[in-house]
2 protein chains.
Amino acid sequence: MGKATIDATDRKILSLLIRNARMPFLEIARECGISGAAIHQRVKKMEESGVIRGFRLEVDPTALGYNVSAMIGIRINDPSMNFEIVDGLRRIPEVVECHFVTGKYNIWTRVYCVDHEHLMHTILDHILRVPGVSETETFISLSDSFGRQVSVRDLDQ
Amino acid sequence: MGKATIDATDRKILSLLIRNARMPFLEIARECGISGAAIHQRVKKMEESGVIRGFRLEVDPTALGYNVSAMIGIRINDPSMNFEIVDGLRRIPEVVECHFVTGKYNIWTRVYCVDHEHLMHTILDHILRVPGVSETETFISLSDSFGRQVSVRDLDQ
DNA sequence: ATTGAAAGAATCTCAAC
DNA sequence: GTTGAGATTCTTTCAAT
């Protein structure tokens with residue numbers, strides 16, 4: 001478990017909100033067998049403690065015109081510039097994810113682009129021009145098979 | 001743009017809901033300068049057309065006890081088994097993302113585990129035992145620098 | 001598509017346990 | 001932590017434009 005203490009009721013609340021983040025607290029209350037006020041209080045507490053990072057809309061990228069997605073492994077030539085490099089990547093709107101990783105790449109990113117030309121432009125004119133970035137390797141995503149949240153079952157059992 | 005037609009008002013609605021998926025429709029209505037009923041109707045339409053995939057709670061995985069995340073590139077030995085392999089991966093709860101990609105890996109996944117032992121167990125006893133999977137390469141995520149949705153600005157302009 | 005109106009439902013706070 | 005009650009606000013539908 002993490003630093004914040006999460007009980008079975010909290011886990012049930014989380015699992016319901018993961019399915020539908022707009023589920024009314026009163027409906028959650030009926031599912032959990034406690035009052036709406038208690039749900040309200042527990043959700044607020046989990047927001048404050050950081051267990052809940054936010055309520056997000058999931059949008060189909062293709063509906064917004066983003067038809068190409070790719071994973072890009074990045075090697076950097078100066079480990080002391082980590083934060084500057086991430087900041088540089090953050091300024092590129094096509095880059096939607098960024099992680100430091102172990103192994104042959106130093107940074108792993110995911111980008112969304114309109115088409116292949118846009119992807120090429122994003123890599124050559126933006127990612128490779130971030131100071132400190134030395135090489136990239138691109139894996140074009142042919143289809144998203146699935147994406148979901150971590151499971152909320154009780155790991156302590 | 002995608003198949004569904006999205007105008008500037010829809011984009012504004014999406015950008016507000018991406019920030020906070022529980023934002024009341026009446027508040028969105030005030031921001032957009034149209035009625036709550038119109039927002040309600042537009043959101044419902046975007047849900048039906050698939051532009052909106054869902055309203056999701058974003059949870060901090062470490063709060064649930066998942067302290068290790070990794071990207072895993074997978075090579076498969078039988079391209080005709082694609083769907084069976086994805087189904088096999090879907091049955092592993094630790095696998096939260098799965099995409100077909102071009103390049104040296106055929107499938108790219110992301111996993112969340114409690115610790116390194118759990119990660120090793122997940123790879124050796126679950127992922128590598130999915131029929132059709134031949135090799136894996138693991139990149140442990142040292143830290144998530146950022147993660148966000150695609151930008152909703154108008155690409156047509 | 002958008003609107004206002006109206007009924008029903010939900011949110012949020014609070015004093016009390 | 002939990003509760004019920006109450007004031008406020010939101011959701012949802014619908015007939016009309």
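Just so it is clear, the values below take in all heavy atoms, side chains as well, and ignore hydrogens, waters and symmetry mates. Letters A, B, ... are given to chains in the order of the sequence lines, protein chains preceding strands, and every chain is numbered from 1. This one's a predicted model, so the numbers in the text were calculated from it and none came from an experiment.
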Quick check: does any side chain N or O of [X] sit under 3.5 Å from a backbone N or O of [Y], one acting as donor and the other as acceptor?
X      : Y      : value
B/H118 : B/V114 : yes
A/R56  : B/R148 : no
B/S35  : B/A38  : yes

Point to revise | Candidate pair B/L119 and B/I140, rule side-chain contact (heavy atoms from CB on, under 4.5 Å), full reasoning | key: CA-CA 10 Å; B/L119 175 61; B/I140 292 178; 4.0 Å; yes
Revision key, fill the gap. Output for pair (B/I127 CD1, B/T109 OG1), nearest 0.5 Å, gives 5.0 Å
Check your understanding: How far does CD1 of A/I13 sit from SG of A/C32, to the nearest 0.5 angstrom?
Key -> 5.0 Å
Review point. Any link between B/M120 and B/Y112 through a network of hydrophobic side chains (Ile, Leu, Val, Met, Phe, Trp, Tyr) touching at under 4.5 Å?
Key: no
**Study point:** Joint cluster assignment, A/W108 & A/V130, ILVMFWY side-chain distance < 4.5 Å
**Key:**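 No; A/V130 is not reachable from A/W108 via cluster members.
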**Study point:** Position toward the 5' end of DNA chain C (nearest nucleotide), B/R22 or B/T9
**Key:**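 Result of the comparison: B/T9.
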Exercise for review: Please work out if A/Q41 contacts a base, only the sugar-phosphate, or nothing of the nucleic acid, heavy-atom cut-off 4.0 Å.
Suggested key: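 Base contact.
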Check your understanding: So, do B/M71 and A/H99 sit near enough that their side-chain heavy atoms are less than 4.5 Å apart?
Key ->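 Yes, their side chains come closer than 4.5 Å.
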Review point. Among residues 32-39 of chain B, which residues get a heavy atom nearer than 4.0 Å to DNA chain C?
Key: B/I34, B/S35, B/A37, B/A38
Review point. Going 5' to 3' on DNA chain C, which nucleotide is the first and which the last to come under 4.0 Å of a heavy atom in chain B?
Key: C/dA1 to C/dT11
Practice item. Show your reasoning for whether side-chain contact (heavy atoms from CB on, under 4.5 Å) applies to B/M46 and B/D10. Key: CA-CA 8 Å; B/M46 287 193 282; B/D10 289 326; 3.7 Å; yes
**Study point:** Residues in salt bridge (charged side-chain N to carboxylate O under 4.0 Å, His left out) contact with A/D87, at least two apart in sequence or another chain
**Key:** A/R90
Point to revise | Partner residues of B/H121 under the side chain to side chain donor-acceptor pair (under 3.5 Å) criterion, sequence neighbours left out | key: B/D125
Review point. What are the bounds, 5' to 3', of the part of DNA chain D that sits under 4.0 Å from heavy atoms of chain A?
Key: D/dG1 to D/dT11
Check your understanding: Once you build an axis from the first five pairs and another from the last five of the helix from C/dA1-D/dT17 to C/dC17-D/dG1, how far apart in angle are they, to 10 degrees?
Key -> 30°
Exercise for review: Kindly state whether the ring of B/Y105 and the ring of A/F139 have centres lying under 6.0 angstrom apart.
Suggested key: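 Yes, ring centres under 6.0 Å apart.
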